[in-house]
Amino acid sequence: MNQDYIKPDNWSIIEEGFDAERVKSSESLFSIGNGAMGQRANFEENYTGETFQGSYIAGIYYPDKTKVGWWKNGYPKYFAKVLNAPNWIGIDIEINGENFDLNTCTEVNNFRRELNMKQGIYTRSFEATLQNGTEIEVNVKRFLSLDLDEVGVINYEIIPINKDAKIVFKPYIDAGVSNEDANWEEKFWEPLDVKNSGNEAFVTARTFKTHFIATTFMQNSILLNDKNLNVKPSNVDSNKEKVEFSYEVQVAKGEKAAIQKMAGYTVSLNHENTQVAAENAIKSALATGYNQLLQNQITAWAKIWEMSDITIDGDVKAQQGIRFNIFQLNQTYLGKDSRLNIGPKGFTGEKYGGSTYWDTEAYCIPFYMATKDQQVARNLLTYRYNQLGKAIENAKDNLGFTNGAALYPMVTMNGEECHNEWEITHEEIHRNGAIAFAIFNYHRYTGDYSYIPEKGLEVLIGIARFWHQRASFSTNKNQYMILGVTGPNEYENNVNNNFYTNYIAKWCIDYTHEQIQKVSLEYPQDHKRIIEKVKLSDAELQDWKKVSGNMYFPFSKKHDVYLQQDGFLDKDLVPVAALDISHRPINQKWSWDRVLRSPYIKQADTLQGFYFFEDHFTKEQLEKHFDFYEPFTVHESSLSPCVHSIQAAKLDKIDMAYTFYLRTSRLDLDDYNKEVEEGCHITSMAGTWMSIVEGFGGMRVKNDALHFEPKIPKEWKGYSFKINFRNQILKVAVNHNETQFSLEGNNQISVFVNGNSVLVEPNNLVTV
C-alpha cells in the first residue's frame, strides 16, 4: 500500500488537509463523469503546483502517430488517444489585487475534499491566507448532470474573513489544451470559432485528422449572499481559442460572493450544428435552474444506487471500496449509446489511450448485465458487431489471414487496431476468445438468444476462422499448436502453447459450431442469410473440428497441472514470497529482460481459463492449479486480484479471498500500484463487483437457473446485493447464520443454494 490518506466513510471519498504531493492522486480519485463526459478533480482557480489537467468527452479521440524504435510490418500506424478536451471548469480569481493560487498562499487550513458518491457531487472547502494578508473561506460544489449530460455545474463561493475584499471572478473556456499523454507533443485541437454574448461564451474547435467538432460553452451568474446580481461581465478577453470574462464584486467581511458556472460540450457525434446545440443546452440548464439541477442529480443517482448498490455491514473500508468501484463504473458508462465503450481509465486519465480492451467483455459485461437492463450489455456486444469488418481487415492486412478470419484489436476506438507494441498487438490474441465468451455469457445470463442469429453468429464465425488459421500442425506431436503468443500474463512474451489461449481457441471453435447448428434448426432464414454472406461450407466446418478436436495443451504429470505455456517448468521457480519487498513492483524495479526470464505472473492466466470455464473442471483440479500458480503471481495487473478472490472463495480460502477483495476494491484508494495519479483502474472495478457477487455470494448461472454458495468473511457482519436476472430483481442478503432472498417481479423463480432448490416468490422473504 502506497497511501493511506482517504478517510474511511460509507458513502464518500474524503481528503482532509492540503498536501501538494497528493494533488495529482486526488485529481484522479475525485474525478466525476456522467457517461458522456468526465472531469479530473482539477482546481477551478489557477494552480501553479504540479497538476494533471484532464477533461474528456466520450467517443472523441485522436490517432496519435505511432512512435517506436524499430518499425515492424503490421504495426498500427497510430495509437488512438482520448483527448484532453477544452477546459470548461476554469475560473481564475483575483482578490484585493492578488491572483489566488493555493500554491502561493501563505497558509491553507481546514482543506477538505469530498466526493459524495450517493449524490454524484464533488465538493471542496478550505480557508486560505493570501500573500497580501487577505483571509478567505472557500466552498466549491461541482457535478456533471446525469439528466442534461452535456452540462456541468460549478458553484464557487468566497467569504472574506478578516477584511473587505474586491473579488474579481474570471471564468473562461479554453481550447488551447494539450494531452499529458502525447507521442509527439503536438496539440490535437484546431480552434474554429469564438463567440460571446452577455454572460454566455462559445469556443468551437475541431480535432486534427479525425475532425470531430466540439463546442465548449459557458454561462455565468454572479451572486452576493445568495442573491443573483444579474450583472454582465465588466471585461471580455478573447483570442482564437479562449474566452475569459471578468466580474468585479465588492464584498464586505463575512459576506458571501459566488459564481455559478454552467458549462460543458456539444459534439458533432450528436449534433449537426454544435453551436446551436450549445445554445440550447444553456437554455435547458437555465430553465431548470441550479437548485433543481442539483436535486435532479441527487434523484438520478438514487435511482442508480437503488439497483447497483452493495452493502457491507461492519467493515467501513470494504464498504467504501465497493461503492467507489460501482460509482466510477456508472460515471464512465451508462449504456445509452452503442458507439461508446469502457476505457481502462474511464474519464480519470489518459493512460492506455482511453480505448476499448478485452476488459469490457471479460470483466465489465457481467456487472452491466446484472445491474442494468439487458439492453445495456447488448449494446456492448453490438459495439463489437459493428466493428467486425475492421477486425477482418486487421487479420487480413496486418497478419495475412484470409477468408473472413477476424482478429479483434487489442486496443481500439473505431474498430481499427491502435496498440503499438508488437508483443501485445499481434501476440495477445486471446482477446478474440473473450469477445466470443461474452456472447455466450450474455445468452447464459439473460436467456436472450436473439442476439446470436441477428448479429453474434457472424462475429463467432470470423473468430473461429481466425483460430483455425492461427493454429499450426506439429508433425512431432501430431497435434495442433498455437505458437508465438502472449497470454493474459504479459510478463511472458512470444511463448508457445499458452494454455489459456489454446483452451479458449478450442472452445470458440466448438461453441461456434454448436451455434451454427442451433441457428440452422431454430432460425433457418437467419442461417441461410449468414451462411451465404460469409460463404461457409461444410468442408470448412470439418477443418475447424480437426483443429479443436486435436488441440495441444502443455501438462505436467509431476505437478498434475496444465502448464501456463511450454517451458514454464524450466524457469527458476522461486515463489513471490521469497522476493525482497524492495524489488516490488517488479515492473518498476527490474529490467524487462529479467521480468521475462522470471516465473512471475502479472495476472491470472491459466487461472483465467479456470475462471471462465469453471464447470469444465473439478473443484480438486481448480485447487491444484490455484495452489500451484498463485504463489508465482505478483498481481501487478489491476485485473488479477478479483479473479483470485473469486477462486479463493470457491475453495473456502476465505481469508485469502478477503485479502484479494480489499486489494481489488481499494486498488486506487490505497494506490497499491503506486500510479493512481495517472488515473483510476475503471474496468477492473467490475471485477470488484464480481468478487462479492460471484466470490462470496457464489453466484453462477447453470441450466437457466441461479445458483449460490454464500460465504462471508469474518470481518463482516453481513452483506447484500441485487441482481437483475431475466427482468426480475432478486435481492440477496447474507450474514453468518443465514441467507435471505426477496424478489421484485411478477413470477416466482427457483434458485439453488448449496445445491438445494429454493422457491422465491415475489414480495416474499425467504430465509435459508
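Just so it is clear, the structure is predicted and the values come from calculations on it, not from any experiment.
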Discussion item. I want to check a possible cation-pi pair here: Arg40 against Phe52, using under 6.0 Å from ring centre and within 45° of the ring axis as the test.
Written reply: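 Yes, a cation-pi geometry holds between Arg40 and Phe52.
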
Practice prompt. Please determine if Arg22 forms a cation-pi arrangement with Tyr5, meaning its NZ or CZ atom is less than 6.0 Å from the six-membered ring centre and no more than 45° off the ring axis.
Written response: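 Positive - Arg22 is close enough to the ring of Tyr5 and near enough to its axis.
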
Could you check whether [Y] and [X], counting side-chain N and O atoms only, form a donor-acceptor pair closer than 3.5 Å?
X	Y	value
His443	Asp448	no
Thr664	Thr688	yes
Asn341	Thr360	yes
Thr311	Ser720	yes
Asn724	Asp373	no

Taking all atoms of both residues into account, what is the closest heavy-atom pair of [X] and [Y], and its distance?
X	Y	answer
Val376	Leu334	CG2-O, 4.0 Å
Asn502	Tyr552	ND2-O, 2.8 Å
Cys508	Gly433	SG-CA, 3.7 Å

Practice prompt. Not counting sequence neighbours, list each pair that qualifies as a salt bridge (charged side-chain N to carboxylate O under 4.0 Å, His left out) and has a residue in residues 587-601.
Written response: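 Only Asp593-Arg597 qualify under salt bridge (charged side-chain N to carboxylate O under 4.0 Å, His left out).
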
Practice prompt. Give every residue pair that meets the salt bridge (charged side-chain N to carboxylate O under 4.0 Å, His left out) criterion with at least one member in residues 692-702, sequence neighbours excluded.
Written response: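 Found Glu614-Arg700.
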
Are the side chains of [Y] and [X] in contact, using a 4.5 Å heavy-atom criterion?
X	Y	value
Glu709	Met699	no
Asp670	Ile6	no
Gln564	Phe499	no

Worksheet item: Is it true that atom NZ of Lys731 has more than 12 heavy atoms of other residues, nucleotides or ligands lying nearer than 6.0 Å?
Response: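 Count not over threshold, so no.
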
Discussion item. Other residues, nucleotides and ligands only: do more than 12 of their heavy atoms fall within 6.0 Å of CG on Asn703?
Written reply: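 12 or below, so no.
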
Item to complete: Start with the C-alpha distance between Phe696 and Tyr658, add both sets of side-chain angles, then the distance that settles ring-ring contact (aromatic ring centres under 6.0 Å, His included), and finish with yes or no.
Response: CA-CA 9 Å; Phe696 298 124; Tyr658 175 74; 7.3 Å; no

Could you tell me whether a side-chain N or O of [X] sits under 3.5 Å from a main-chain N or O of [Y], the two making a donor and an acceptor?
X	Y	value
Asn379	Gly335	yes
Thr739	Val768	no
His736	Trp716	yes

Practice prompt. Could you give me the CA-CA distance, side-chain angles and deciding distance for Trp507 and Phe440, then say whether ring-ring contact (aromatic ring centres under 6.0 Å, His included) is met?
Written response: CA-CA 11 Å; Trp507 175 85; Phe440 159 77; 5.5 Å; yes

Worksheet entry | Set of residues satisfying salt bridge (Lys or Arg N to Asp or Glu O under 4.0 Å) with respect to Asp615, sequence neighbours excluded |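 For Asp615 there are no salt bridge (Lys or Arg N to Asp or Glu O under 4.0 Å) partners, ignoring immediate neighbours.
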
Worksheet item: Passes ring-ring contact (aromatic ring centres under 6.0 Å, His included), Trp305 versus Trp11? Steps please.
Response: CA-CA 11 Å; Trp305 284 114; Trp11 275 109; 4.9 Å; yes

